[in-house]
Peer 1: 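Before we start, here is the structure in question, set down as structure tokens.
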Amino acid sequence: MFCFFTQLFKFSSCSAPNLTYDGRSLIFDGQRKLLISAAIHYPRSVPAMWPGLVQTAKEGGVDVIESYVFWNGHELSPGKYNFEGRYDLVKFVKTVHQAGMYMILRIGPFIAAEWKFGGIPVWLHYVPGTVFRTDNEPFKYYMQKFMTFVVNLMKQEKLFAWQGGPIILAQVENEYGRGYYEKFYGEGPAKRYVTWAAKMAVSQNTGVPWIMCNQDDAPDPVIDTCNSFYCDQFEPNSPNKPKIWTENWPGWFKIFGGTHPHRPVEDVAFSVARFFQKGGSVQNYYMYHGGTNFGRTSGGPFITTSYDYDAPIDEYGLPRLPKWGHLKELHRAIKLSEHALLKNEPTTSSLGPSQEADVYEDGSGVCVAFLANMDNKTDKNVVFRNVSYHLPSWSVSILPDCKNVVFNTAKVGSQATLVEMVPEELQPSVAVSPNKGSKALKWDIFVENAGIWGVADFSRYGFLDHINTTKDTTDYLWYTTSILVGENEEFLKMTSRPVLLIESKGHALHTFVNQELQGSAYGNGSSASFKFENPISLKAGKNEIALLSMTVGLMHAGGLYEWVGAGPTSVKIEGLNNGTMDLSMSSWTYKIGLQGEHWGIYNLDGLNSVHWESTLEPPKYQPLTWYKVVVDPPSGDEPVGLDMIRMGKGLAWLNGEEIGRYWPINSSKSEKCVDECDYRGKFFQEKCVTGCGEPTQRWYHVPRSWFKPSGNILVIFEEIGGDPTKITFSKRKISGMCSVIAGDYPMALPKGGSGNDKTKPAAHLRCPKNTLISNVKFASFGNPTGRCGSYRKGDCHDPNSTSAVEKVCLGKNECAVELTEENFDEGLCPGTTNKLAVEVVCS
């Protein structure tokens, strides 16, 4: 057989390992492996980003890429499949393979994932008799049909491990177990469904193990796995199954109107180290790169367009430092320990009331120790094998030779970055403005009618559910009616106005009377339902009331979640001569979507379907307005975000590609935000939030690959009004680098080094490619305080700190400043541990 080998591949097209497992690990041709996995969702980035994202993960010490399969992105209608563009699953898996990495394919096909409708196609809800995720024949039929299609596609492309491909695990269902949603479906139907799903998956003959996450009764041979912030105490339901962590959440998602959650890297590292200390075999970061909910793909409701997740690689594809770097060092320490961890059973011993050691050794000299301090308040000095070790609170030290500490989870020596969004005004395209001296943008404007456009879809007495009416073909649904106001109404003679009262199941609503916006209301991440109460302007005679109801991401999880509706349920007017007028059961006329959507005026093919008004001065703060402008791409090659801080709410496109929903709504100032997060103790998603009183999302990712050299068509639909002249492209730039290192930090391991092959503790700095360290903005050896961007000298400071750093670093792309007597006065602060803080500028 012809085989093609390359040093770039961990396995070649002809290396087809025999993949099995037991209670300790996955086994590849008899060889056990500990695996670090990273979730990167292919439709949450673009194909041009995939190789860079996968390579950055690999450089971070990752072995495996994991992704869900997004059913509703692939099967747009029954039997009509889409595997192109962002949904080119085969290309993504091959990208992983080309990087020499493994793949975990979580087919589901229910995925949750803060993705609309949990990944299940909306059309399936309207197949008669269908109930999702239970012993229901229509649902099982379509679920098996799609899963079989995906498995056969992977087999056809030879992408399973036994075929020489990268896929080593596959997942069926997702977070269904007793602690999640089984209870909503009844014990009998739920158990039958789980058993059926497992049997159906195994019957696909993928040649790789199947997993079910958070399913503690997963039938053999399916492996039950853990999803949580911590999984060190998790045990699979059989001693013959390995301990797998499918979702370690290194951050959290955001909701419009909410704050910015962050999980400290010290705690992420602590959780990973504890997992492997306690016999873990596969650990997956969910997410390692969160990416973007382009278009209308976000779930929720109210999940933001950004799915950054505070992940080790940020939404734009840049390593988030120090998180990415600290975890990279952790992965190296774990890999140094891999042989001993997999060959031996641990011996656990107490080192104190909340301190313990787990030792893996075989008597031949191979020995690995994990020393853990679970006390979340107090650092401890412990004695292990007659040697004293300092353990910061809530930390784990890794000793790959049972002697030398090469890594401690709480001591972050990796460099940090200062990242800015640098604005650049929209530049008129040379394609439409050949005069290079002209900076005036020509805007094209189209204004929607407030209410029915074209021919009404239908009329009904009372309110139909929003989602059942639109079937998610659009966010928007118009409900319109009219009332007659008599000339003798008292309010017409007074300054008071009638009050419009609306109750809605969600998600948001704009109210118009006689084409004028009267106000808006919306739910939130805790409750989609809301009430609207606002004075309105009525006139004598006929008055048209138009309600623009909106969804902001369909529900993505929950028991029987597909039955949760949206839209108004009650409309009343108070303050009339006859008291309250109840319009809830009046005749309402319905129109699905917007006129601009109907004609596709954001696409090249539909641009000329309506009459655009051209102007150099676009209207500001005008609702229901489409803006079109032709621009050049921003300069440089940095990632790009669209700054919508001065806009209201709506949708955006570039060259027909869906940027997504924008809504720079502020979070509450009353939330409990933190300046600095204490990493110690159990993490929860509200623990370390920032951004109180600030927009939840200001910038919206526009992939560089979407831009043309000129003639880029930016289209905005603004619902409530904003200032389009303040829209800018912003480039995501690294403006500075920082490093903090102390004398008691574990000494850095050279690449390929062992626990006995070490250098002095050093501050490592590395600028982005094609830039050099041009300025040392801050340097202090002693006891400096603060954080990157705001360091301060302490009362103990070596005055030669800056010159020592400049000598080693200026004019270089990267440098390492060692804490040695040659560089610094180590006797400066007797009785304390000296540390060095550095901030440099790259240019």
Side-chain angles (χ1 to χ4, degrees), residues 260 262-270 320-323 325-326 329 373 375-380 390-395 408-420 672-681 687-692 734-746 748 760-765 773 775-806 808-809 815-820 823-842:
H260 309 295
H262 303 279
R263 186 179 180 192
V265 68
E266 297 94 329
D267 182 65
V268 181
F270 174 80
R320 172 172 276 111
L321 299 171
K323 184 169 280 188
H326 190 53
E329 295 304 314
N373 180 7
D375 190 314
N376 61 11
K377 302 290 185 190
T378 310
D379 295 2
K380 293 290 184 180
H390 178 74
L391 292 179
S393 53
W394 202 253
S395 78
N408 178 271
T409 59
K411 296 181 178 181
V412 182
S414 172
Q415 73 176 20
T417 51
L418 293 171
V419 181
E420 294 180 330
K672 295 181 179 179
C673 282
V674 298
D675 290 326
E676 292 192 32
C677 178
D678 185 352
Y679 73 88
R680 300 173 301 177
K687 181 179 179 181
C688 298
V689 297
T690 61
C692 290
I734 296 173
S735 59
M737 297 294 216
C738 301
S739 184
V740 176
I741 196 79
D744 64 349
Y745 277 28
K760 278 281 193 179
H764 291 265
L765 297 161
I773 296 171
N775 179 35
V776 178
K777 195 171 182 179
F778 180 92
S780 178
F781 179 81
N783 59 353
T785 59
R787 55 184 173 179
C788 187
S790 58
Y791 289 133
R792 299 177 299 277
K793 295 176 184 176
D795 54 15
C796 179
H797 165 70
D798 186 340
N800 296 318
S801 299
T802 299
S803 59
V805 175
E806 288 177 340
V808 178
C809 295
C815 63
V817 185
E818 292 191 343
L819 303 192
T820 61
N823 290 329
F824 303 103
D825 182 356
E826 293 187 335
L828 193 65
C829 311
T832 64
T833 301
N834 291 317
K835 67 179 179 180
L836 171 66
V838 180
E839 180 184 341
V840 301
V841 176
C842 301

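Here, residue 1 is the first one in the sequence, and each next residue gets the next number. Values in this document were obtained by computation on a predicted structure and should not be read as measured data.
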Peer 1: Could you tell me which non-hydrogen atom of His764 sits nearest to which non-hydrogen atom of Ala762, and how far apart they are?
Peer 2: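 His764 and Ala762 have their closest heavy atoms at CD2-O, 3.3 Å.
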
Peer 1: What are the two closest heavy atoms between Ala837 and Val740, and how far apart are they?
Peer 2: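 Distance-wise, the nearest heavy atoms are CB-CG2, 4.1 Å.
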
Peer 1: Using the test side chain to side chain contact (heavy atoms under 4.5 Å, CB included), find all partners of Glu839 that sit at least two apart in sequence or belong to another chain.
Peer 2: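 If we apply the side chain to side chain contact (heavy atoms under 4.5 Å, CB included) test to Glu839, skipping adjacent residues, the hits are Leu418, Cys738, Lys777, Phe778, Tyr791.
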
Peer 1: Ser395 and side chain to side chain donor-acceptor pair (under 3.5 Å): which single residue from Thr409, Asn408, Asp379, Asn373 fits?
Peer 2: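 Testing each of Thr409, Asn408, Asp379, Asn373 against Ser395, the sole residue satisfying side chain to side chain donor-acceptor pair (under 3.5 Å) is Asn408.
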
Peer 1: With side chain to side chain contact (heavy atoms under 4.5 Å, CB included) as the test, would you mind laying out the steps for Leu819 and Asn834 before giving the verdict?
Peer 2: CA-CA 9 Å; Leu819 303 192; Asn834 291 317; over 6 Å; no

Peer 1: With sequence neighbours left out, what residues match Pro264 under side chain to side chain contact (heavy atoms under 4.5 Å, CB included)?
Peer 2: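 Checked Pro264 against side chain to side chain contact (heavy atoms under 4.5 Å, CB included); matches are Glu266, Cys677, Tyr679, Phe683, Cys688.
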
Peer 1: To the nearest 0.5 angstrom, please state how far the OG atom of Ser739 sits from the CG atom of Leu321.
Peer 2: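 Ser739 OG to Leu321 CG: 10.5 Å, rounded to 0.5 Å.
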
Peer 1: Would you indicate whether the side-chain heavy atoms of Asp744 and Lys411 approach each other to under 4.5 Å?
Peer 2: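 Sidechains of Asp744 and Lys411: in contact.
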
Peer 1: Please table the atom pairs, donor to acceptor, closer than 3.5 Å between any side-chain atom in residues 781-788 and protein atoms at least two apart or in another chain.
Peer 2:
from   : atom 1 : to     : atom 2 : distance (Å)
Asn783 : OD1    : Asp795 : N      : 3.3
Asn783 : OD1    : Cys796 : N      : 2.9
Asn783 : ND2    : Asp795 : OD1    : 2.7
Arg787 : NH1    : Asp675 : O      : 2.5
Arg787 : NH2    : Asp675 : O      : 3.3

Peer 1: What residues, two or more places apart in sequence or in another chain, satisfy side chain to side chain contact (heavy atoms under 4.5 Å, CB included) together with Thr820?
Peer 2: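 So Thr820 forms a side chain to side chain contact (heavy atoms under 4.5 Å, CB included) with Lys760, Glu818, Glu822, Asn823.
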
Peer 1: Residues in side chain to side chain donor-acceptor pair (under 3.5 Å) with Asn775, at least two apart?
Peer 2: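 If we apply the side chain to side chain donor-acceptor pair (under 3.5 Å) test to Asn775, skipping adjacent residues, there are no hits.
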
Peer 1: Report the distance from atom CG of Leu765 to atom SG of Cys815, rounding to the nearest 0.5 Å.
Peer 2: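 It comes to 4.5 Å.
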
Peer 1: Name all residues meeting the side chain to side chain contact (heavy atoms under 4.5 Å, CB included) criterion together with Ala804; count only those two or more places apart in sequence or in a different chain, and write none if there are none.
Peer 2: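 For Ala804, the residues satisfying side chain to side chain contact (heavy atoms under 4.5 Å, CB included) (neighbours in sequence not counted) are Phe824.
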
Peer 1: Between Ala742 and Thr833, which heavy-atom pair has the shortest distance, and what is it?
Peer 2: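 That closest heavy-atom pairing would be CB-CG2, 4.3 Å.
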
Peer 1: Return the CG to NZ distance between Asp678 and Lys687, rounded to the nearest 0.5 Å.
Peer 2: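 If we round to the nearest 0.5 Å, Asp678:CG and Lys687:NZ are 6.0 Å apart.
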
Peer 1: Would a distance-only check, ignoring hydrogens and angles, find a side-chain to backbone donor-acceptor pair under 3.5 Å from Lys323 to Arg263?
Peer 2: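 Yes; judged by distance alone, with no hydrogens or angles, the pair exists.
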
Peer 1: Set out, in order, the CA-CA distance, both residues' side-chain angles and the distance that settles side chain to side chain contact (heavy atoms under 4.5 Å, CB included) for Ser393 and Asn376, then state yes or no.
Peer 2: CA-CA 5 Å; Ser393 53; Asn376 61 11; 5.9 Å; no

Peer 1: OG/Ser780 to NZ/Lys793 distance, rounded to the nearest 0.5 angstrom?
Peer 2: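 Atom-to-atom, Ser780:OG and Lys793:NZ are 6.5 Å apart.
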
Peer 1: Quick one: does Leu836's side chain get under 4.5 Å of Val817's, heavy atoms only?
Peer 2: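 Counting from C-beta outward, Leu836 and Val817 do come under 4.5 Å.
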
